[in-house]
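Report on the following structure.
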Amino acid sequence: MSNVLITKEIPSTAKNYLEEKGHKVKIACGFEDNKALLEEAKKVDALITMLSDKIDQDFLSHAKNLKVISNYAVGHNNIDSNFATKLGIAIGNTPDVLTNATAELAMTLLFAVARNAKSAMRNVSEGKWQGWEPMGFHGVELNAKTIGIVGAGRIGQAMAKMCHHGLNMNILYTARSKKTEFEKQTKAQHVDFENLLSQSDIVSVHCPLTEQTELLFNDWAFKKMKKGSIFINTARGEVHDEGALYDALKSAHLFGAGLDVTNPEPMSPNSKLLELDSAIIFPHIGSATVKAREEMALVCAKNVDLGLQNKPLVGDVNNIYS
Ligand code: NAP
């Protein structure tokens, strides 16, 4: 029997699955700090972690019994996977099962920004709605626009397909490799980052947070974007510089921005972005559908059970058993 710690409550599917497989499961309610998490992690063979748990070299070196860490997310930038590999710890994530949920959330932000949802909703809720307004709330029509997908992987491609097939949009994309099948399906064009910025009416971020993508969207990048364009980020907040984004919105160089992720996270209630009607911000809810979260819980549990048997995981980040 192995001991498994889940660092925060997730759907009970995970606990039930692991208990059926004979493991002992403890669910925490989050931890005050990383030190407190480490003390508990030292006692177990496997962890199911949240993207807010920082699993760095120091943590990994001290949690001597760990064989598997299964992240309740597809992004795993919170875990030093290279170091874990050196220690023989399997790292898991939850690809595919949250792709549609996250792409749909990116579309939600895009529609909301394009049609001034924040100021329109406030107009009603604050009792300022006087009647049909011929000259107010003019937004951007999305049909046949050009969208630039930064990171055309699972989620980026899913969003691009919605935009192409649903809204007749032209698709530009960046990725480390060319995506031939995706190009056939959507007539997408692989372009370099600068061309994507200067030619897109909408830029949507779907790349992982890495050393290469950290602060990719800085002052230079926002200035390269077309005047009146829209920025959407549902990937990781550290990919954009929030001060530079504020300047681009405040000066009306950008029409608007939709963020599901912020830099830092959680966002400070004093962030200047909150003052802008053109910025619509969600509290990192990309995968928050009942279906996606249930399936993520099951994948996480399977990752743990497989890793404890020295077998390849379902969502396998460092492939130490394949
Ligand atoms: P994925 O399938 O691995 O796609 C990532 C894409 O980014 C790949 O196409 C990759 O290119 C590309 N990429 C990597 N480095 C790049 C760079 N420097 N410049 C441009 N493109 C680069 O991952 P996914 O499942 O779509 O998830 C993407 C990210 O979304 C995750 O890493 C996570 O951070 C975020 N996410 C957020 C939420 C949320 O709740 N908001 C939910 C799920 C995921 P190659 O294919 O050529 O390697």
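Every number for a ligand or one of its atoms is a count from 1 in the order of the listing. What you see is a predicted model; the values in this text were computed from it and never measured. Atoms considered below: every heavy atom in the structure, side chains included; atoms not considered: hydrogens, waters and symmetry mates.
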Go through it in stages, so that I can follow the logic: the residues are Lys145 and Leu167, the test is side-chain contact (heavy atoms from CB on, under 4.5 Å), and I'd like the CA-CA distance, side-chain angles, deciding distance and then a yes or no. CA-CA 8 Å; Lys145 287 281 191 294; Leu167 293 164; over 6 Å; no
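- Applying the side chain to side chain donor-acceptor pair (under 3.5 Å) test to residues at least two apart or on different chains, the pairs with a partner in residues 300-312 are His23-Asp305, Lys67-Asn310, Ser70-Asn303, Asp305-Gln309, Gln309-Lys311, Asn310-Tyr321.
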Which protein N or O atoms sit under 3.5 Å from any N or O of ligand 1? Give each pair with its distance.
{"unit_1": "ligand 1", "atom_1": "2 (O)", "unit_2": "Arg154", "atom_2": "N", "d": "2.9"}
{"unit_1": "ligand 1", "atom_1": "2 (O)", "unit_2": "Arg154", "atom_2": "NE", "d": "3.3"}
{"unit_1": "ligand 1", "atom_1": "2 (O)", "unit_2": "Arg154", "atom_2": "NH2", "d": "3.4"}
{"unit_1": "ligand 1", "atom_1": "9 (O)", "unit_2": "Ala152", "atom_2": "O", "d": "3.4"}
{"unit_1": "ligand 1", "atom_1": "9 (O)", "unit_2": "Gly153", "atom_2": "N", "d": "3.1"}
{"unit_1": "ligand 1", "atom_1": "11 (O)", "unit_2": "Arg176", "atom_2": "N", "d": "3.3"}
{"unit_1": "ligand 1", "atom_1": "25 (O)", "unit_2": "Arg154", "atom_2": "NE", "d": "3.0"}
{"unit_1": "ligand 1", "atom_1": "25 (O)", "unit_2": "Arg154", "atom_2": "NH2", "d": "3.3"}
{"unit_1": "ligand 1", "atom_1": "26 (O)", "unit_2": "Arg154", "atom_2": "N", "d": "3.3"}
{"unit_1": "ligand 1", "atom_1": "26 (O)", "unit_2": "Ile155", "atom_2": "N", "d": "2.8"}
{"unit_1": "ligand 1", "atom_1": "34 (O)", "unit_2": "Arg236", "atom_2": "NH1", "d": "3.4"}
{"unit_1": "ligand 1", "atom_1": "40 (O)", "unit_2": "His284", "atom_2": "NE2", "d": "3.3"}
{"unit_1": "ligand 1", "atom_1": "40 (O)", "unit_2": "Gly286", "atom_2": "N", "d": "3.3"}
{"unit_1": "ligand 1", "atom_1": "41 (N)", "unit_2": "Thr234", "atom_2": "O", "d": "2.8"}
{"unit_1": "ligand 1", "atom_1": "41 (N)", "unit_2": "Asp260", "atom_2": "OD2", "d": "2.8"}
{"unit_1": "ligand 1", "atom_1": "46 (O)", "unit_2": "Lys179", "atom_2": "NZ", "d": "2.4"}
{"unit_1": "ligand 1", "atom_1": "47 (O)", "unit_2": "Arg176", "atom_2": "N", "d": "3.0"}
{"unit_1": "ligand 1", "atom_1": "47 (O)", "unit_2": "Ser177", "atom_2": "N", "d": "2.7"}
{"unit_1": "ligand 1", "atom_1": "47 (O)", "unit_2": "Ser177", "atom_2": "OG", "d": "2.7"}
{"unit_1": "ligand 1", "atom_1": "47 (O)", "unit_2": "Lys179", "atom_2": "NZ", "d": "3.2"}
{"unit_1": "ligand 1", "atom_1": "48 (O)", "unit_2": "Arg176", "atom_2": "NE", "d": "3.0"}
{"unit_1": "ligand 1", "atom_1": "48 (O)", "unit_2": "Arg176", "atom_2": "NH2", "d": "2.7"}

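- The pair Arg236-Glu238 does not meet the salt-bridge criterion, since no charged nitrogen lies less than 4.0 angstrom from a carboxylate oxygen.
- With respect to the salt-bridge test (charged N to carboxylate O, under 4.0 angstrom), the residues Glu294 and Lys291 do not qualify.
- In this structure Phe193 satisfies the ring pair (Phe, Tyr, Trp, His ring centres under 6.0 Å) test together with Phe217, sequence neighbours excluded.
- When hydrophobic residues (I, L, V, M, F, W, Y) are linked wherever their side-chain heavy atoms come within less than 4.5 Å, the members clustered with Ile89 are Leu5, Phe31, Leu37, Leu38, Val44, Leu47, Ile55, Phe59, Leu60, Leu66, Ile69, Ile79, Phe83, Leu87, Ile91, Val317.
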